[in-house]
Structure formats: structure tokens, C-alpha cells
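Worksheet for the structure shown next.
These numbers come from the heavy atoms of this one structure, side chains and all, not from hydrogens, waters or symmetry mates.
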Amino acid sequence: MNDLLSKTFTPGKGSNYYVDLKLESMDNLELGDMAATDPNSNLAIFFEEVGGIKDEMEQVQQLLSKLQGAHEESKTIHKAQAMKTLRERMDHDVDEVLKKAKSMKA
């Protein structure tokens, strides 16, 4: 009976093997899916996304400046047809800004 219990307490192949498997499973649990991938590649993907968002923000800022210019122009327009075309152009710009803002948010 002592022989059966002594194998579990002595540092042999059986006890170390169990400890090694337990450590490997803990490492895999902590890393999750990132264990197989390179951390630098994940950062590269992140920075690509950030670059795309920065480009979209620049486009939104350009549309904002166009809208501000159209607003100033609307203060001086007196003809109905000119005001109608200006309003259509402004509505189109606002729609573009909303679409870009929603895509950046997602």
C-alpha cells in the first residue's frame, strides 16, 4: 500500500507529467486565441484600422468646412432656385457625414 501512495509523492514521470499538463492548460487558458498569433501582427491590424478612421475623420472635417461655407453663402442668397440647389447640396453633405460617422462608430 505504501508503494501505491509513494509514487504520487515522489518526483517521477507520473507526477511531473500531471503538473506539466496542468501548467500547459493554464497557459492556453490565459492566452486564449492569441497564443497562436504574433502580438505585433495584432498591433499592425489595429494601426491599419486607426489609419482608416483618421482618413475618414479628415473627410468629415472637409465636409464640415463645405457645410460652413454653404451656410455663409445661404445668408446672401435671395433667389428661390439658388436656395433650393444650395439646400440640396447641404442635405447631401449632411447625409455623407452621417454615413461616415456611423461607419466610424461601428
Side-chain angles (χ1 to χ4, degrees):
M1 181 118 184
N2 288 337
D3 290 340
L4 293 176
L5 292 175
S6 65
K7 288 183 182 179
T8 58
F9 294 114
T10 58
K13 181 180 180 184
S15 63
N16 285 340
Y17 181 71
Y18 174 74
V19 172
D20 290 341
L21 286 178
K22 187 175 180 181
L23 289 175
E24 284 179 17
S25 68
M26 290 302 288
D27 288 342
N28 292 337
L29 286 176
E30 290 174 359
L31 291 176
D33 293 335
M34 307 230 353
T37 61
D38 183 28
N40 292 333
S41 66
N42 291 334
L43 285 177
I45 293 170
F46 172 75
F47 286 129
E48 286 177 11
E49 291 176 5
V50 169
I53 291 173
K54 283 183 179 181
D55 293 339
E56 288 180 2
M57 287 183 66
E58 287 177 15
Q59 292 173 357
V60 168
Q61 288 175 348
Q62 290 173 354
L63 287 171
L64 176 63
S65 66
K66 279 177 58 177
L67 283 169
Q68 288 173 340
H71 174 69
E72 293 300 321
E73 185 181 346
S74 70
K75 292 178 182 178
T76 60
I77 292 181
H78 298 291
K79 294 184 181 179
Q81 185 62 28
M83 188 64 166
K84 185 176 179 181
T85 57
L86 180 65
R87 188 175 342 136
E88 288 173 359
R89 191 175 74 205
M90 289 175 72
D91 286 341
H92 178 71
D93 288 344
V94 169
D95 289 339
E96 283 186 44
V97 169
L98 288 175
K99 286 177 188 177
K100 289 187 185 295
K102 284 181 183 179
S103 70
M104 284 189 292
K105 184 178 178 183

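- Think of Met104 as one node in a network of Ile, Leu, Val, Met, Phe, Trp and Tyr side chains linked at under 4.5 Å; its network also takes in Ile53, Met57, Val60, Leu63, Val97.
- Remark: Asp95 pairs with no residue by the side chain to side chain contact (heavy atoms under 4.5 Å, CB included) rule, at least two apart or across chains.
- For the pair Leu64 and Gln68, the minimum side-chain heavy-atom distance is below 4.5 Å.
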Could you tabulate the donor-acceptor pairs under 3.5 Å formed by side-chain atoms of residues 81-88, not counting sequence neighbours?
| from | atom 1 | to | atom 2 | distance (Å) |
| --- | --- | --- | --- | --- |
| Thr85 | OG1 | Gln81 | O | 3.4 |
| Thr85 | OG1 | Ala82 | O | 2.8 |

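- Shown here are the side-chain hydrogen bond (donor to acceptor under 3.5 Å, both in side chains) partners of His92, two or more places apart in sequence or in another chain: Glu96.
- Pairs passing the salt bridge (charged side-chain N to carboxylate O under 4.0 Å, His left out) check and including a residue from residues 45-57, sequence neighbours excluded, do not occur.
- Counting only residues at least two apart or in different chains, salt bridge (charged side-chain N to carboxylate O under 4.0 Å, His left out) contacts with residues 62-81 comprise Lys66-Asp93, Glu72-Lys75, Glu73-Arg89.
- Scored by the side-chain hydrogen bond (donor to acceptor under 3.5 Å, both in side chains) test, Gln59 finds Lys100 as partners (sequence neighbours excluded).
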